[in-house]
Amino acid sequence: MSAVSDRLPAFPWDKLTPYKATAAAHPDGIVDLSVGTPVDPVPELIQKALVAAADSPGYPTVWGTPELRDAITGWVERRLGAREVTHRHVLPIVGSKELVAWLPTQLGLGPGDRVAYPRLAYPTYEVGARLARADHEAYDDPTELDPEGLKLLWLNSPSNPTGKVLSQEELARIVAWARSHGILLVSDECYLELGWEADPVSVLHPDVNGGSYDGIVAVHSLSKRSNLAGYRAAFLAGDPAVLGPLLEIRKHGGMMTSAPTQAAVIAALGDDDHVRVQRERYASRRELLREALVTHGFRIEHSEASLYLWATRGESCWDTVDHLAKRGILVAPGDFYGPAGAQFVRVALTATDERVAAAVQRL
């Protein structure tokens with residue numbers, strides 16, 4: 001066991017423990033803007049679908065029910081503009097994090113293979129490469145990478161942590177480059193429905209991929225759009241030549257979304273109203289926090305989409321974390337996401353209106 005755990009970096013969130021204690025000691029309590037976990041209620045229609053499917057004594061299937069696949073294909077076409085999406089183009093997963101962590105292993109990657117991800121990125125991209133014993137590297141522009149031995153290229157637009165959005169033209173250029181070198185491109189699009197100053201585009205859009213899903217897969221999650229982080233509900237869409245073997249591997253591994261969760265996902269993907277309501281909540285919190293941070297002396301970079309503000313005071317991120325913790329506000333240090341984030345903090349919008357108002361008052 002130690003041989004596996006020794007491949008991994010220290011779990012970053014443990015480093016925040018003393019700062020969390022400082023923030024929690026504030027007389028009016030902590031405002032936790034660090035992890036980015038949803039705090040608003042699960043929409044009622046989704047809860048009802050979950051409860052109605054609670055009597056599910058049998059095993060669910062890894063591929064999900066035909067109704068679930070219909071819901072995913074319908075949403076991908078309606079919301080992302082994808083065309084001619086069939087059941088072979090989709091695959092339910094047990095939340096997006098397990099897929100990110102285990103995809104290199106499930107693809108059969110290992111020593112000598114390379115995995116690449118953005119310079120500022122969700123740490124689990126690197127963890128997935130380490131678990132597979134593959135080499136890993138960060139990039140600024142993926143088309144400047146050496147394609148030799150590069151087997152998996154991660155995109156993340158909108159970005160976690162920066163909120164940066166890749167344009168349709170940039171995505172098309174990267175897709176064409178990856179295809180020309182036979183590199184599998186996997187696009188993490190979990191924040192796609194949370195664009196503020198930009199309209200994020202999926203790699204599944206025909207203007208990006210030329211009407212072909214060859215060599216591309218998109219990752220989508222219901223954690224943020226529908227407040228379903230506790231349900232572990234997500235899915236893949238893209239190249240059947242990739243998803244077909246993954247389905248077989250995941251069958252052997254028993255990586256099944258629970259039957260009640262599948263029913264909840266069907267309800268969530270069939271309803272756009274609750275997404276609009278949740279967007280409005282986040283938009284209001286974002287406006288208040290952004291103004292308060294800027295007034296307090298922060299500079300906000302990117303942040304045109306996603307659930308975070310990428311903020312700096314031009315100092316060590318840990319000095320900023322300490323500064324805010326003394327005011328009862330907990331944020332994530334930018335170096336969790338790579339050395340390039342050493343002077344930034346990530347401020348999540350995922351707190352109640354009351355807690356956001358408390359943070360604004362303190363700032």
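Ring-plane geometry between His296 and Phe298 is classed as parallel, the angle between the planes falling under 30 degrees on a 0 to 90 degree scale with a further cut at 60.
Counting heavy-atom neighbours within 6.0 Å of Glu287 CD, excluding the residue itself, gives a total of 12 or less. Counting heavy-atom neighbours within 6.0 Å of Trp102 CH2, excluding the residue itself, gives a total of 12 or less. Taking a 6.0 Å sphere around CD of Glu84, one finds it holds 12 or fewer heavy atoms contributed by other residues, nucleotides or ligands. Residue Gln47 places its CD atom among more than 12 non-hydrogen atoms of other residues, nucleotides or ligands, all under 6.0 Å distant. Remark: Glu44 CD is loosely packed, at most 12 non-hydrogen atoms of other residues, nucleotides or ligands lying under 6.0 Å away. No more than 12 heavy atoms of other residues, nucleotides or ligands lie within 6.0 Å of CZ in Arg88, so this atom counts as exposed by the packing criterion.
Side chain of Arg69 to backbone of Gly64: a donor-acceptor contact under 3.5 angstrom is found. With hydrogens and angles ignored, the 3.5 Å screen pairs no side-chain donor or acceptor of Thr22 with any backbone N or O of Lys326. In this structure a side-chain-to-backbone donor-acceptor pair under 3.5 Å is present from Thr17 to Asp14. In this structure a side-chain-to-backbone donor-acceptor pair under 3.5 Å is present from His205 to Asp207. Between the side chain of Gln106 and the backbone N or O of Arg250, no donor-acceptor pair lies under 3.5 Å. Under a 3.5 Å cut-off, the side chain of Arg285 and the backbone N or O of Ala351 do form a donor-acceptor pair. A donor-acceptor pair is defined here as one N or O able to donate and one able to accept, closer than 3.5 Å; no such pair exists between the side chain of Arg327 and the backbone of Arg362.
Tyr282 is not listed as a side-chain neighbour of Ser306, based on a closest heavy-atom distance of 4.5 Å or more. For the pair Pro158 and Leu194, the minimum side-chain heavy-atom distance is 4.5 Å or more. Residues Asn209 and Arg179 meet the side-chain proximity criterion, which asks for heavy atoms closer than 4.5 Å. Between Leu153 and Ile174, the closest side-chain pair of non-hydrogen atoms falls below 4.5 Å. Annotation: side chain of Asp272 is in contact with side chain of Arg78 (closest heavy-atom distance under 4.5 Å).
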Stepwise side chain to side chain contact (heavy atoms under 4.5 Å, CB included) check, Leu103 with Val219: CA-CA 11 Å; Leu103 182 60; Val219 185; over 6 Å; no
Val201/Glu170 under side chain to side chain contact (heavy atoms under 4.5 Å, CB included): CA gap, chis, key distance, verdict: CA-CA 10 Å; Val201 181; Glu170 288 176 297; over 6 Å; no
CA sep, side-chain torsions, deciding dist, call: Leu309, Arg286, side chain to side chain contact (heavy atoms under 4.5 Å, CB included): CA-CA 8 Å; Leu309 293 169; Arg286 178 179 181 273; 4.2 Å; yes
Stepwise side chain to side chain contact (heavy atoms under 4.5 Å, CB included) check, Glu301 with Thr162: CA-CA 7 Å; Glu301 289 196 1; Thr162 69; over 6 Å; no
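Considering all non-hydrogen atoms of both residues, Gly238 and Tyr213 come closest at C-CB, 4.0 Å. The heavy-atom pair separating His274 from Ser226 by the smallest distance is NE2-OG, 2.8 Å. Here the shortest heavy-atom pairing between Trp196 and Ser303 reads CD1-O, 4.2 Å. Contact detail for Arg119 and Ala340: the closest heavy-atom pair is CG-CB, 3.8 Å. Heavy atoms only, all atoms of each residue included: Tyr191 and Leu307 are closest at CD2-N, 3.9 Å. Leu349 and Tyr308 get closest at one heavy-atom pair: CG-N, 4.2 Å.
Side-chain contact, Thr86 with His89: a donor N or O sits under 3.5 Å from an acceptor N or O.
Between Phe344 and Tyr337, the distance from one ring center to the other does not fall under 6.0 angstrom. Between Tyr19 and Trp318, the gap from one ring centroid to the other is short of 6.0 Å.
Taken together through direct or relayed side-chain contacts under 4.5 Å among Ile, Leu, Val, Met, Phe, Trp and Tyr, Leu16 and Val347 form part of one hydrophobic cluster. Grouping the Ile, Leu, Val, Met, Phe, Trp and Tyr side chains by contacts below 4.5 angstrom, directly or via other members, places Ile300 with Leu363. Phe235 and Val217 fall into different hydrophobic clusters, defined by Ile, Leu, Val, Met, Phe, Trp and Tyr side-chain heavy atoms under 4.5 Å apart, directly or through other members. A continuous path of hydrophobic side-chain contacts links Trp75 to Val85 [ILVMFWY only; heavy atoms under 4.5 Å].
For residues 143-157, every residue pair satisfying the side chain to side chain donor-acceptor pair (under 3.5 Å) rule, not counting sequence neighbours, is listed here: Asp113-Lys151, Asp141-Thr143, Thr143-Arg173.
The side-chain contact (heavy atoms from CB on, under 4.5 Å) test with Val265 is passed by exactly one of Leu50, Thr65, Leu68, Ile46: Leu68.
Under 4.0 Å is where a charged nitrogen must lie from a carboxylate oxygen, and between Asp28 and Arg355 at least one such pair does. Taking a cutoff of 4.0 Å between a charged side-chain nitrogen and a carboxylate oxygen, Glu193 and Arg279 do not qualify as a salt bridge. Using a 4.0 Å cut-off between a side-chain N of Lys or Arg and a carboxylate O of Asp or Glu, Arg79 and Glu189 do not qualify as a salt bridge. Comment: Asp335 does not engage Lys15 in a salt bridge, judged by the lack of any side-chain N to carboxylate O separation of less than 4.0 angstrom.
Residues meeting the salt bridge (Lys or Arg N to Asp or Glu O under 4.0 Å) test with Arg346, sequence neighbours left out: none.
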